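Heads up, the thing below is written out as structure tokens.
Keep in mind the model is a prediction, meaning the values are calculated, not measured. FYI, the numbering just counts along the sequence from 1.
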Amino acid sequence: MIITCINQKGGVGKTTTADTIMSYLKTKNIPALAVDLDPQANLTTAFNANMSDAIMDAFSDNLDMDSLITHTDKGDIITSSNRLRDAGEVLSKTGREFKLKKILDKVREEKKYEYIVIDTPPSLDILTINALTATDKVVVVAQADVYSISGLDKLNEAIELVREYTNSNIKIDGILITRYNSRTNLSKNILQTFEDIAKQIGTRVYSTPIRETIKIKEVQAQQGNIFELYPKENVTKDYLSFVKELL
């Protein structure tokens, strides 16, 4: 199964969510592959991996399976690099939306991954369209603020176009609310708004929002696994509930 974490707005916890899904699968010894499609390479950094141009070479039809996948202590990953900023120039021919799908189809032929988890850039560009074309499930990661709400319509329109033209099986599995503060009326009202929007677009809000905490930044600083570093923290319980609901 391929899972894509998406939002055209940055700073909502998209990379953290992709990293956490992979961390959970690692703790369960489930074979999984992370794919970093963001030129900022934050997921690559989270895996303590070196940046690589392998995915850009693969987009250019120079697919080298040995160099494509990097093996780390946190798991396997197709790393990113700044060269992905130029992906639009490489992905300019007919069928360009299907490039990543073809690469991952080849990966799944040769490797026995049960899950592939894709992190996308904070935009609806050709890289994101490639991810949506290749994916089975979409996780919309949204911060508990009004700006995240305003972008959902445009995001849903993009997914509907993908469903019509390049991936009829795509499914928005749910909306994950991050940086949630249950003590404020604002967060509660925003959560209700998300639930109303989710019904309108035929999906759901995951039952457990992810609470705001400094522990997330500490995990990032240590490039660690939240389920191993802070197994008893509330935020870990939040993510555990989400991942179980997703999978």
Side-chain angles (χ1 to χ4, degrees), residues 1-10 12-15 17-18 21-22 32-39 43 55 58-59 78 80 84 87-88 90-109 113-143 147-178 191 193-207 242-247:
M1 177 182 293
I2 300 179
I3 299 167
T4 295
C5 298
I6 185 173
N7 196 317
Q8 72 270 33
K9 183 177 183 294
V12 297
K14 183 169 45 60
T15 299
T17 300
I21 295 169
M22 287 293 297
L33 172 70
V35 180
D36 190 352
L37 276 193
D38 188 346
L43 189 61
I55 187 65
F59 283 147
I78 297 177
S80 176
L84 274 177
V90 175
L91 300 171
S92 59
K93 298 179 181 178
T94 302
R96 63 185 187 150
E97 301 90 352
F98 295 91
K99 280 287 189 177
L100 181 65
K101 183 179 186 305
K102 291 180 179 179
I103 293 168
L104 296 184
D105 283 347
K106 184 67 174 176
V107 167
R108 290 202 283 189
E109 284 178 12
Y113 296 115
E114 291 187 32
Y115 292 94
I116 297 176
V117 181
I118 305 174
D119 186 27
T120 54
S123 63
L124 297 176
D125 62 7
I126 188 59
L127 289 170
T128 300
I129 299 303
N130 263 262
L132 294 176
T133 298
T135 201
D136 300 304
K137 287 184 176 184
V138 174
V139 175
V140 178
V141 184
Q143 189 173 317
Y147 298 111
S148 289
I149 292 172
S150 62
L152 278 181
D153 285 344
K154 186 176 181 181
L155 179 57
N156 185 55
E157 287 175 8
I159 292 172
E160 287 299 319
L161 286 172
V162 167
R163 181 178 288 113
E164 182 176 357
Y165 292 107
T166 63
N167 182 2
S168 61
N169 296 319
I170 191 172
K171 175 188 177 185
I172 304 178
D173 191 73
I175 301 171
L176 178 66
I177 308 301
T178 63
L191 179 58
T193 302
F194 273 117
E195 289 175 348
D196 294 340
I197 294 173
K199 290 178 182 178
Q200 293 172 15
I201 64 177
T203 188
R204 60 179 172 172
V205 174
Y206 293 107
S207 59
F242 154 66
V243 175
K244 287 183 175 180
E245 193 172 352
L246 169 67
L247 303 182

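- Distance check, rounded to the nearest 0.5 Å: OG1 of T133 to CD1 of I170 gives 7.5 Å.
- Environment of NZ in K9: crowded, with over 12 heavy atoms of neighbouring residues, nucleotides or ligands closer than 6.0 Å.
- The main-chain N or O of D119 is never found under 3.5 Å from a side-chain atom of D38 such that the two would form a donor-acceptor pair.
- Looking at residues two or more places apart in sequence or on another chain, you find no salt bridge (charged side-chain N to carboxylate O under 4.0 Å, His left out) involving D125.
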Please evaluate residues L247 and I3 with respect to the criterion side-chain contact (heavy atoms from CB on, under 4.5 Å), reporting the C-alpha separation (whole Å), side-chain torsions for both, the decisive distance (0.1 Å), and the verdict.
CA-CA 10 Å; L247 303 182; I3 299 167; 3.8 Å; yes
Using the side-chain contact (heavy atoms from CB on, under 4.5 Å) rule, take I175 and L152 through it: C-alpha gap first, then chi angles, then the decisive distance, then the call.
CA-CA 10 Å; I175 301 171; L152 278 181; 4.2 Å; yes
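- A donor-acceptor pair is defined here as one N or O able to donate and one able to accept, closer than 3.5 Å; no such pair exists between the side chain of T128 and the backbone of P122.
- To the nearest 0.5 angstrom, T135 atom OG1 is 9.5 Å from I116 atom CD1.
- Minimum heavy-atom separation, L100 to F59: N-CE2, 4.0 Å.
- The shortest non-hydrogen separation linking L37 to P39 is O-CD, 3.6 Å.
- In this structure, CD1 on I129 lies 12.5 Å from OH on Y165, to the nearest 0.5 angstrom.
- Shown here for D173 and L246, the closest heavy-atom pair between the two residues is OD2-CD1, 3.5 Å.
- Among residues two or more places apart in sequence or in another chain, the salt bridge (charged side-chain N to carboxylate O under 4.0 Å, His left out) test is passed with E245 by R204.
- For the residue pair L104 and I118, the shortest heavy atom distance occurs at CD1-CD1, 4.0 Å.
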Assess the residue pair R163 and E160 against the criterion (salt bridge (charged side-chain N to carboxylate O under 4.0 Å, His left out)); give the C-alpha distance rounded to whole Å, side-chain angles, the decisive distance to 0.1 Å, and a yes or no.
CA-CA 5 Å; R163 181 178 288 113; E160 287 299 319; 2.4 Å; yes
Output, in order, the C-alpha distance, side-chain angles, deciding distance and verdict of side-chain contact (heavy atoms from CB on, under 4.5 Å) for I21 and Y115.
CA-CA 10 Å; I21 295 169; Y115 292 94; over 6 Å; no
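- The side-chain heavy atoms of I55 and D36, taken from C-beta on, include no pair separated by under 4.5 Å.
- Across all non-hydrogen atoms, the minimal contact from G151 to Q8 is O-NE2, 2.8 Å.
- The CG atom of L127 sits 11.0 Å away from atom CG of L132, with the distance rounded to the nearest 0.5 Å.
- Taking CG of D153 as the start and CD of Q200 as the end, the distance is 8.0 Å to the nearest 0.5 Å.
- The shortest side-chain heavy-atom distance between I172 and N156 falls under the 4.5 Å cut-off.
- Under the 3.5 Å distance criterion, the side-chain polar atoms of D136 are matched with a main-chain donor or acceptor of I2.
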Can you list the steps and then say if I6 with V140 is a side-chain contact (heavy atoms from CB on, under 4.5 Å)?
CA-CA 5 Å; I6 185 173; V140 178; 4.2 Å; yes
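- Taking CD1 of I201 as the reference point, atom CG of L155 lies at 7.5 Å (rounded to 0.5 Å).
- Minimum interatomic distance between V141 and K14 (heavy atoms only, all atoms of both residues): CG1-N, 3.9 Å.
- More than 12 heavy atoms of other residues, nucleotides or ligands lie within 6.0 Å of NZ in K137, so this atom counts as buried by the packing criterion.
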